[in-house]
Amino acid sequence: MPIRPQEPDRSHEPVRVVAKHHALVRWSHWVNVPLLFGLIATGLSIYWAAPVFVHPRDPATHSRDYLADIGAAIARGLGDRGGEPRFWIYDHLSLGPRQLAAALRLHWALAYLFMVNGTLYLIGLVAGGGWRALLPRLSDARDALAMIRFYLGVVPMAILHRPWPHPPVRSKYNALQRAAYFSMPLAGLLVVLSGWAMHKPVQLGWLERLFVSYDIARIVHFACMLVLASFIVPHVVLVVADGWDTFRSMVVGWSTRVRGEEHGRG
Amino acid sequence: MAGDETLRNVPDEAPSEPAPPPDHAAPAVAPAPRPRRPWREALAEPPEVPIEVPRSRLAAQSRRDFLLYAAGVAATAAGAWWLLPDRTKARLLPGPARDRLDTLAARAGLTREQRERALDRALTFDDDVAEALYTKNRRVRTYGRSEVTPLPNNYDGQTPGPEYLPTWSLRVSGLASGRLEHLTIGDLLGRFAHHEQVTRLVCVEGWSAIAWWGGIRFADFLAAFPPAPSTRWAALRSAVNLDFAGNSDPYYVSIDLETARHPQTLLATHQGGRPLTLAHGAPLRLLAPMKLGLKNIKAVTDVAYTAQEPPDYWSQRGYSKYDGL
């Protein structure tokens with residue numbers, strides 16, 4: 001708390017706070033955690049049945065699936081003899097191989113929830129006015145480079161005990177955050193559209209054509225999953241690095257960090 | 001015109017307002033640069049307005065919110081665990097702890113049967129969406145013959161040999177005439193017009209293939225042999241009915257008559273301009289490109305029109321019933 005440290009009874013003392021996130025944005029943010037986790041796990045089980053990225057069948061391993069090859073390499077690297085090495089990724093990140101029927105049922109159930117949740121998020125974004133903080137700005141390209149420079153230098157400079165100031169941020173998010181938080185709803189929209197394009201390529205034929213073909217819709221769907229999944233790691237790392245206030249603001253909705261006094265980095 | 005006059009006079013008639021202070025009166029804060037484009041101002045982020053709240057109220061609010069979220073996490077974890085397939089549970093948590101969790105769930109009234117029902121309801125919802133999306137007049141996308149791709153035979157069981165072809169006939173029941181028809185391939189090819197189409201066959205597994213099909217329209221067949229008025233379904237059975245070890249493994253699908261009447265639903269006899277091979281369902285297979293491949297039953301031997309939805313091989317194994325694309 002940056003206000004006034006260490007005083008006896010402070011319970012009635014006023015604290016300066018700013019509103020950060022609308023309740024719908026907060027709840028849909030957290031609901032996304034199990035939904036995305038479940039969608040990826042069931043999605044990989046579906047992917048197992050007919051991989052998208054394949055090569056001619058290897059006579060030695062009988063594999064034609066790059067994901068199975070990567071799994072076998074991981075199993076070899078870890079010395080894991082627990083199961084079929086080819087299925088390492090499917091065993092650890094999905095419901096498992098040969099689970100297509102259950103995986104499809106769960107995937108569709110979760111997909112409907114994901115669409116409802118995404119709609120609630122958008123309503124919260126509009127109701128709370130948060131959408132304005134997500135819009136890309138003309139200055140973002142330059143500011144993003146400054147942020148990348150900052151992130152690259154932050155660990156070496158900490159080791160060298162050199163000062164390494166955070167670039168100035170005049171808005172709710174820095175340029176990198178804005179790019180990430182703006183592209184998440186876009187990837188979410190694209191993953192839903194490509195999902196429908198391959199789930200109903202006949203009745204929603206216009207959507208299939210929008211993705212050129214059924215097979216390209218599958219690739220887009222997989223790529224969106226990778227985009228969504230690859231956001232998770234830096235997002236969690238940066239929130240942990242940024243501290244309690246950032247995490248708490250996504251639960252309670254307000255922050256004690258008033259702009260200009262400190263910069264959020266989550 | 002009087003209105004215009006008045007409007008134009010407004011600035012002159014409002015001299016009572018105090019004159020604005022002169023701009024050069026050295027403002028304490030530098031004025032923000034005036035946005036030249038109003039739309040950019042509308043899109044700009046509004047300033048954060050700090051408010052003062054007593055610390056005790058913030059603490060109470062935080063406590064309430066964190067407790068709510070913790071309850072949500074617990075409920076989600078329990079629900080997710082309950083919904084997982086048994087094999088996945090066994091892999092995630094080998095040992096007696098899983099049994100204890102299962103017992104706990106059963107004691108709370110969450111049995112395995114209920115889990116299946118919950119998942120089925122989720123699937124029924126998706127099936128209902130598929131059925132609602134189905135439009136009789138919507139054509140399946142067609143392709144040029146140059147766009148044809150290899151069509152794999154995805155069946156791992158035994159396919160009957162060529163000696164079966166001369167003995168083949170199509171048995172049709174549930175007709176309005178009350179008769180039981182036995183038709184040879186010659187009966188069908190001689191009587192009905194031949195139609196060709198290049199469409200995509202989409203497998204539930206996710207792969208697909210574009211193939212050039214030829215055959216008779218199911219709609220023409222239905223018109224020539226009308227089903228009994230109360231019927232809504234067709235139950236189709238296949239001559240491909242042995243598993244890889246040669247054991248009996250009959251294959252049967254249900255198809256709604258609305259789909260059967262679609263002009264692109266064929267009783268296909270040809271693929272790639274040649275009669276069907278045994279691997280692809282000689283001499284006659286269903287081709288319903290608005291349904292998943294698993295409905296496109298090969299080597300049809302039996303068509304029975306029914307009022308109630310007939311059993312379907314894959315829906316009995318956990319897949320969807322409707323399978324509309």
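Chain A is the first sequence line, chain B the second, and so forth, proteins listed ahead of strands; every chain is numbered from 1.
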Please classify the contact between [X] and chain A as side chain, backbone, both or neither, with a heavy-atom cut-off of under 4.5 Å.
X	answer
B:S62	both
B:R317	backbone
B:V49	backbone
B:E147	neither
B:A130	both
B:R138	side chain

Notebook entry, point to check: Can you name the residues of residues 209-220 of chain A that have some heavy atom under 4.5 Å away from a heavy atom in chain B?
Noted result: A:R209, A:V212, A:S213, A:Y214, A:D215, A:R218
Flag the pair [X] / [Y] as yes when at least one side-chain heavy-atom distance between them is below 4.5 Å, and no otherwise.
X	Y	value
B:V204	A:L100	yes
A:H199	B:D126	yes
B:T88	A:Q99	yes
A:V15	B:P54	no
A:E13	B:E52	no

Answer with side chain, backbone, both or neither: which region of [X] has an atom nearer than 4.5 Å to a non-hydrogen atom of chain B?
X	value
A:P34	side chain
A:Y112	side chain
A:W196	side chain
A:S94	backbone
A:L104	side chain

Checklist line | Most contacts with chain A, counted as non-hydrogen pairs under 4.5 angstrom, among B:F125, B:Y319, B:W314 | finding: B:Y319
Margin query: Using a 4.5 angstrom heavy-atom cutoff, name the option from B:G206, B:S56, B:A80, B:P289 with the most pairs to chain A.
Written below: B:G206
Pick from [options] with the largest number of heavy-atom pairs that fall under 4.5 Å of chain B:
options	answer
A:V33, A:L106, A:V52	A:L106
A:L204, A:V252, A:V31	A:V252
A:P201, A:S45, A:A111	A:P201
A:A50, A:G38, A:G96	A:A50

Nearest atoms (heavy-atom pairs only) where [X] meets [Y]:
X	Y	answer
A:R105	B:G318	CD-O, 3.5 Å
B:R87	A:P97	NH2-O, 3.8 Å
B:G324	A:K200	O-NZ, 2.7 Å
A:Q203	B:L133	OE1-O, 3.2 Å
B:P50	A:V18	CA-CG1, 3.6 Å

Note to self: Can you confirm whether B:R57 is buried at CZ, in the sense that more than 12 heavy atoms of other residues, nucleotides or ligands lie under 6.0 Å from that atom?
What the structure shows: no
Notebook entry, point to check: What do you reckon, is NZ of B:K298 surrounded by more than 12 foreign heavy atoms closer than 6.0 Å?
Noted result: yes
Margin query: Salt bridge or not between B:D65 and A:R248? Use side-chain N to carboxylate O under 4.0 Å.
Written below: no
Notebook entry, point to check: CG of B:D127 to CH2 of A:W108: how many Å apart, nearest 0.5 Å?
Noted result: 7.5 Å
Notebook entry, point to check: With a 6.0 Å cut-off on ring centres, are A:W244 and B:F66 close enough?
Noted result: yes
Notebook entry, point to check: So, do A:W27 and B:Y69 have ring centers that fall under 6.0 Å from each other?
Noted result: yes
Next item on the list: Take B:L58 and A:W254 through the side-chain contact (heavy atoms from CB on, under 4.5 Å) test and state the conclusion after the steps.
Entry: CA-CA 9 Å; B:L58 281 182; A:W254 42 262; 3.3 Å; yes
